[in-house]
Amino acid sequence: MGRLHHLRETLPKNLKWTAHFPEVEFILLNYSSPDAMEDWAKAELAEPIRRGQLTYYRADGFTRFRMAHAKNVAHRLATAEIVCNLDADNFLGAGFAEFLMETFSPEKRIFVRSPLRGGSGGRIAFWKRDFFALGGYDERMSSGWGFEDKDIIARACLAGARGVVIPKDREYLRVVNHSHRERTQFSRSSERSVSNHEHQSISRENILNQRNVANEGSGWGIAPLLKNFEPPPPAASLHEKLHVGCGRHRLLEWRNCDKDLDIRKLLPFGDESLRFIFAEHVVEHIAPAEALSFFEEVRRVLKAGGAARISVPCVDLISNRYDAEYAAFLKRKIGGAGSREDSIRSIILNWGHKSIWTVSALSAVLGSLGFHVEIAGPGFSRFAEMNGIDGHGRSIGVHANWVESGVVEAVK
């Protein structure tokens with residue numbers, strides 16, 4: 001995001017240094033960049049795209065840069081067995097691809113990292129299977145710049161992998177020098193000290209709890225994407241997007257319904273008339289049999305290729321993600337000790353809940369109805385219309401919402 005001036009310097013050379021290796025593919029992710037990145041890519045990268053040396057993706061709808069999320073999106077798009085993060089300000093140097101291929105061998109449980117000095121600290125390579133086993137970069141680190149690299153290295157070591165350091169005396173780690181202000185220009189927090197402290201606390205919690213897998217129970221690395229300058233699909237109209245149980249969280253250009261639409265009854269829409277349905281922290285307020293009936297109605301009214309985004313509080317996530325911050329939230333919300341037992345009892349007995357759900361249960365029920373079910377996470381969707389529409393975190397806080405909320409998207 002906002003790094004076209006660096007790409008102009010680094011990417012042509014990096015492509016040249018690896019042009020003789022058909023095994024090497026670059027993923028260029030335009031994370032809603034406000035500059036002319038796409039115009040430049042169209043003009044300058046047509047040939048490497050044609051050869052398959054580079055694939056260009058654009059993720060729309062993001063106003064802030066989330067480093068961990070952006071890295072996860074790019075890593076998921078990579079097709080090779082070895083994945084290596086490459087920041088836009090980094091030069092690979094001649095021979096880096098050969099170095100990776102020589103270092104990685106099937107019998108070794110390793111990862112490759114830079115010495116973590118200067119602007120090359122993000123140069124980390126994994127077997128893709130190991131990267132997925134680690135759950136990628138921890139997407140809770142969304143405040144700004146820093147520490148997601150140190151965290152994934154620590155978790156990889158915790159999982160038993162050995163780190164191989166890139167040699168310092170090679171040209172592999174040369175970077176375009178720039179200010180820290182530029183690093184944080186599009187972040188939620190422009191103060192490095194603030195985001196580093198917040199992210200370091202998350203990492204310490206991971207290591208203290210022997211948690212080597214990030215983003216458990218959430219879909220991660222998810223974003224609406226357009227590949228190689230494809231035109232975006234036609235946007236869904238107001239009449240094709242239904243938001244049920246909206247409360248005070250009313251979405252622009254959606255049909256927002258609350259008490260005026262009873263999801264326990266037949267939905268007042270024709271067969272295959274809607275493209276998107278959004279139900280956030282609603283389904284737990286009706287009985288399981290009524291939820292099944294609602295999901296059957298969702299199947300009826302959705303068009304082929306349409307999707308329903310369902311978010312519910314999940315007892316398994318609450319138990320697994322329970323931490324000191326969530327305990328403090330419980331004390332403020334319901335009183336008491338804020339214990340793990342309190343958290344489960346609250347979800348079962350309070351707030352008018354009539355059913356208890358988990359992501360696995362949601363997936364099983366929706367899958368049995370013929371939906372293709374994808375696990376998502378708070379805030380992110382691969383559908384542009386549903387990316388960033390969640391509102392529950394605004395009422396209870398981002399962290400508490402992450403602890404509680406399981407999100408699935410059921411595609412017809």
* Scan for salt bridge (charged side-chain N to carboxylate O under 4.0 Å, His left out) pairs involving residues 215-227, sequence neighbours excluded, and state none if there are none. => none
* Are S203 and N206 linked by a side-chain donor-acceptor pair shorter than 3.5 Å? -> no
* Structure fact -> Across all chains, not counting sequence neighbours, the side-chain hydrogen bond (donor to acceptor under 3.5 Å, both in side chains) partners of E182 are H5
* To do: Carefully, step by step, assess N387 and F380 under the rule side-chain contact (heavy atoms from CB on, under 4.5 Å).
  => CA-CA 5 Å; N387 197 53; F380 297 120; 4.0 Å; yes
* Structure fact -> Shortest non-hydrogen pair, N215 vs G135, comes out as ND2-O, 2.7 Å
* Asked: When the ring centroid of Y56 is compared with that of F26, is the distance short of 6.0 Å?
  -> no
* To do: Taking all non-hydrogen atoms of both residues into account, name the closest pair between M386 and A307 and its distance.
  => CE-CB, 3.9 Å
* Using the salt bridge (Lys or Arg N to Asp or Glu O under 4.0 Å) rule, take K331 and D342 through it: C-alpha gap first, then chi angles, then the decisive distance, then the call. => CA-CA 9 Å; K331 290 179 184 178; D342 290 341; over 6 Å; no
* Asked: Heavy-atom distance under 4.5 Å between the side chains of M67 and W145, does that happen here?
  -> yes
* For atom CG of L349, is the number of surrounding heavy atoms from other residues, nucleotides or ligands below 6.0 Å larger than 12? -> yes
Return all side-chain donor-acceptor pairs below 3.5 angstrom for residues 152-164, not counting sequence neighbours, or 'none' if the list is empty.
unit_1 : atom_1 : unit_2 : atom_2 : d
R155   : NE     : D151   : OD2    : 2.8
R155   : NH1    : L134   : O      : 2.8
R155   : NH1    : N212   : O      : 3.1
R155   : NH2    : G136   : O      : 2.7
R155   : NH2    : D151   : OD2    : 3.3

* Taking the six-membered ring for Trp, are F99 and F96 parallel (under 30°), tilted (30 to 60°) or perpendicular (over 60°)? -> tilted
* Taking the six-membered ring of W220, is the NZ or CZ of R76 close enough (under 6.0 Å from the centre) and on axis enough (within 45°)? -> yes
* Structure fact -> For I222 and V73 the tightest heavy-atom approach is N-CG2, 4.1 Å
* How would you list all residue pairs meeting salt bridge (charged side-chain N to carboxylate O under 4.0 Å, His left out) that involve residues 378-389, not counting sequence neighbours? -> R275-E385, E374-R382
* In this structure, are over 12 heavy atoms from other groups packed under 6.0 Å from R181 atom CZ? -> no
* Using a distance-only test with no angle check, is there a side-chain donor-acceptor pair under 3.5 angstrom linking E139 and S218? -> no
* Can you name the nearest heavy-atom pair linking L225 to A59, along with the distance? -> CD2-CB, 3.9 Å
* **Contacts of type salt bridge (charged side-chain N to carboxylate O under 4.0 Å, His left out), residue R58, not counting sequence neighbours** => E38, D60
* Taking the six-membered ring for Trp, are the ring centroids of F62 and H69 within less than 6.0 Å of each other? -> yes
* Structure fact -> So the ring-ring contact (aromatic ring centres under 6.0 Å, His included) pairs with at least one residue in residues 299-319 (sequence neighbours excluded) are none
